[in-house]
Amino acid sequence: MSKPKYYITTAIAYTSGKPHIGNTYEAVLADAIARYKRQQGYDVFFQTGTDEHGQKIELKAEEAGVTPKEFVDNVSGQIKSIWDLMNTSYDKFIRTTDEDHEKQVQKIFKKMYAKGDIYKGEYEGMYCTPCESFFTESQLVDGKCPDCGRPCVPAKEEAYFFKMSKYADRLIEHIKTHPEFIQPESRKNEMMNNFLLPGLQDLCVSRTSFKWGIPVDFDPKHVVYVWLDALTNYITGIGYDCDGDNKELFNKLWPADLHLIGKDIIRFHTIYWPIFLMSLDLPLPKQVFGHPWLLQGDGKMSKSKGNVIYADELVDFFGVDAVRYFVLHEMPFDNDGVITWELMVERMNSELANTLGNLVNRTISMSNKYFGGVVENKGVTEPVDDDLKSFILSVPAKVDAKMEKLRVADAITEVFTIFKRCNKYIDETMPWALAKDESKQDRLATVLYNLVEGICIGTTLLESFMPDTTKRIFGQLNASERTLEDLKTFGLYPSGNKVTDKPEILFARMDIKEVMEKVNELHPPKEEPKEEKPEEKVVDIEAKPEITFDDFAKLQFQVGEVIACEAVKKSKKLLCSQVKIGSQVRQIVSGIKAYYTPEEMVGKKVMVVTNLKPAKLAGILSEGMILCAEDAEGNVCVVSPEKNMPAGSEIC
């Protein structure tokens, strides 16, 4: 019986520079999912790679005094080496400068043009070079790029455009009938409300202002614009041929089961990419998951901020599997995660060195001390054993349920409950006390056998996330790797096996002071130029009549999270937000359109008056009030909690 296929991809990494740990997280996340699917019995194909064309790269190559090809060869090599360092088990590493990819992109462009989906016109608007994106004046935020916040410049040039509106209704229907297509749910709402439902503009798909790209073969002064070039890697990499001469791999793998991407490029993958596929008469991918960002402690990583952390530096300090554990475990399902050196050390000491490493070391050491390393099941059981077995055997199903929903961090938490339960079992059975009683030797042997077996089951589940650690543990226990199917049974460790007589430390405890001293040597703190701060403005307002505490207590304030937002039609002032408060979602209309775009509001944590009587504004029901601050000039700012508080938290 043939295995079911599973085709997973990452976004291809842009070759403008060395990837930081936030970029690397995506490759590790995809690898964990791919490895788990292999354990489940799937025939997995995992593709990643590099995006190598565009004006930004042309400019960077010029600055470096090399050709664009030399520049991307170097950076692509760096990216691939980091993916390899992190033990990612990809099957294909595609580069958009690969000859077969470039030829197919030219054929795809020509086919779309012949079909009438692409036409020649002229583009005039604001252009962000780092993002390689055009924007209208209304889309800019304070005159800057709405995605990266950097300055945009006016641009006007002849270009080819794709007729997005031709397929928009079909895509809207697909999203409505396939609720699993865009995940998490908040990303789907954002795409529908902010882009698809208001109406799509045609997309610029060629450029003439730079040369580093794939030439349009029937109009060579044009190069194919980055997104049509980059997105098609998901089909060209597995052998798609525009003329119908597809390779068997493509016929087997397409449609993709999962496109794993960063939340910042969700629009390109859930709107542009599906429409391109519709134009090519190809089925759409089954699911696109826009994962959150991994942030430094002081915000999004950037070289300009000087807060970038690289994977290879972390590996030098902590080892590959500790870094894999951290980035996978610390990233929530639909909120940004945070990485700091301090947090890495804390997790290293508490969870890896103590919970896991110490458990394995103690178990092996006691087996050697009391029985010369021989682990035997003597069958002398007590009720506490049944509780241990029952708990451990319940965990694989929980892990499976979490992985099915791509909740990888939660799955790892479930795995570690096995190791925590084994540590508790040691405290409950007290092997050191049993060892003092000659009549309890068979009971002691049974306890140690149960511990080894529990560790083996937990280690099998750990393989997708920490593959090298799994091999090291099984090697020390003299045990064979198991399948997930094996985990339905407790007691498969061969009775009479002998563990290693020289247990190694899996994870060494670290001193935070020593670590930070080394970090500061690597990255000396930047001295900020001292500036005289201008006297801070204050605002005096007319005082309202005093109220009593009882008056104040009538008001209910809570933290809300904006999960969707759109402009109120026929209103110059109003935005309509869907705000998650606890388990409820409320609709709140606010007069903040002049200060925030709908895209800016999505994802914000806001302070809300939740017991305000509902009222209609511009004919739309508003079920609360978002609190804002206003200065003397009338500028408005939404009030947000200083720390990341859960939606529904009471403000008191």
Side-chain angles (χ1 to χ4, degrees), residues 124-155 164 168 182 184-204 262-272 290 292-293 299-300 334-336 560-580 585-608 617-618 620 622 624-631 633-640:
E124 184 171 10
M126 302 301 291
Y127 181 70
C128 176
T129 300
C131 293
E132 309 244 7
S133 295
F134 283 102
F135 299 98
T136 62
E137 289 281 359
S138 62
Q139 290 174 314
L140 301 181
V141 178
D142 296 328
K144 296 180 180 178
C145 172
D147 289 339
C148 72
R150 283 174 277 203
C152 293
V153 294
M164 286 282 140
I182 305 175
E185 181 83 6
S186 58
R187 311 267 189 260
K188 179 183 78 173
N189 296 335
E190 182 186 351
M191 294 303 104
M192 289 288 281
N193 296 331
N194 296 346
F195 297 101
L196 281 166
L197 296 178
L200 289 177
Q201 294 182 338
D202 290 347
L203 180 69
C204 177
K263 66 178 183 180
D264 52 328
I265 53 173
I266 192 84
R267 179 170 88 252
F268 307 107
H269 284 78
T270 59
I271 297 179
Y272 302 161
W293 286 332
K300 188 178 178 183
D334 54 4
N335 289 313
D336 294 334
E561 181 179 1
V562 180
I563 60 174
C565 183
E566 60 184 343
V568 175
K569 293 178 181 178
K570 299 181 182 179
S571 172
K572 295 181 179 180
K573 295 182 178 180
L574 301 179
L575 292 181
C576 181
S577 301
Q578 304 300 317
V579 184
K580 182 181 178 184
V585 176
R586 293 199 185 186
Q587 179 169 282
I588 299 179
V589 179
S590 311
I592 55 174
K593 189 175 180 180
Y595 309 98
Y596 293 93
T597 63
E599 293 88 347
E600 284 181 289
M601 288 299 294
V602 173
K604 274 190 180 297
K605 291 285 182 70
V606 294
M607 297 187 185
V608 181
L617 299 175
I620 299 175
S622 182
M625 178 186 289
I626 294 175
L627 297 183
C628 297
E630 184 178 7
D631 66 15
E633 283 76 41
N635 298 307
V636 170
C637 172
V638 169
V639 179
S640 299

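Values reported hereafter were calculated over all heavy atoms of this structure, with side chains retained and with hydrogens, waters and symmetry mates removed.
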(message) Let's go through V636 and E630 carefully: what are the C-alpha distance in whole Å and the side-chain angles of both, what is the deciding distance for side-chain contact (heavy atoms from CB on, under 4.5 Å) to 0.1 Å, and is it a yes or a no?
(response) CA-CA 5 Å; V636 170; E630 184 178 7; 4.2 Å; yes
(request) Apply side-chain contact (heavy atoms from CB on, under 4.5 Å) to the pair V141 and E600, showing each step before the final yes or no. (result) CA-CA 9 Å; V141 178; E600 284 181 289; 3.4 Å; yes
(message) Run N194 and R267 through side-chain contact (heavy atoms from CB on, under 4.5 Å) and show every step you take.
(response) CA-CA 10 Å; N194 296 346; R267 179 170 88 252; over 6 Å; no
(request) Show your reasoning for whether side-chain contact (heavy atoms from CB on, under 4.5 Å) applies to R150 and K144. (result) CA-CA 5 Å; R150 283 174 277 203; K144 296 180 180 178; over 6 Å; no
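A pairwise comparison of heavy atoms in V602 and I563 identifies CG1-O, 4.0 Å as the closest pair. Between S622 and V589, the shortest heavy-atom distance links the atoms OG-N, 3.0 Å. In terms of heavy-atom proximity, G560 sits nearest to V579 at CA-CG1, 3.7 Å. Between G290 and P184, the shortest heavy-atom distance links the atoms O-CD, 3.5 Å. A618 and V568 get closest at one heavy-atom pair: CB-CG1, 4.2 Å. Pairing each heavy atom of N193 with each of C565, the nearest pair is CB-O, 4.4 Å.
For the pair P146 and T597, the minimum side-chain heavy-atom distance is 4.5 Å or more. The side-chain heavy atoms of E561 and N335, taken from C-beta on, include a pair separated by under 4.5 Å. In this structure, C628 and S590 have side chains that are not in contact, with every pair of non-hydrogen atoms separated by 4.5 Å or more. You'll find the side chain of D264 reaches within 4.5 Å of the side chain of W293, heavy atoms only. Contact check for M601 versus I592: side-chain heavy atoms found under the 4.5 Å cut-off. Inter-residue side-chain proximity for P154 and M126 is flagged as met; some heavy-atom pair is nearer than 4.5 Å.
In this structure N635 satisfies the side chain to side chain donor-acceptor pair (under 3.5 Å) test together with D631, sequence neighbours excluded. In this structure, the ring pair (Phe, Tyr, Trp, His ring centres under 6.0 Å) partners of Y272, at least two apart in sequence or on a different chain, are F268. Applying the side chain to side chain donor-acceptor pair (under 3.5 Å) test to K605 and every residue at least two apart in sequence or in another chain returns N644.
For the atom pair CD (Q201) and CZ (F195), the distance works out to 10.5 Å, reported to the nearest 0.5 Å. Atom-to-atom distance recorded for I620:CD1 and K569:NZ is 10.0 Å, nearest 0.5 angstrom. Remark: L617 CG to I588 CD1 distance equals 11.0 Å, nearest 0.5 Å. Here I182 contributes atom CD1 and I266 contributes atom CD1; the two are 6.0 Å apart, rounded to the nearest 0.5 Å. Here the straight-line distance linking atom SG of C637 with atom CG of L627 works out to 11.5 Å at 0.5 Å rounding.
Within 6.0 Å of atom NZ in K188, more than 12 heavy atoms from other residues, nucleotides or ligands are found, so the atom counts as buried in its surroundings. Around NZ of K593, the count of heavy atoms belonging to other residues, nucleotides or ligands within 6.0 Å exceeds 12. The 12-atom threshold is exceeded at NZ of K263, counting heavy atoms of other residues, nucleotides or ligands nearer than 6.0 Å.
The pair R187-E190 fails the salt-bridge criterion, with no side-chain N (NZ, NE, NH1 or NH2) lying under 4.0 Å from an Asp/Glu carboxylate O.
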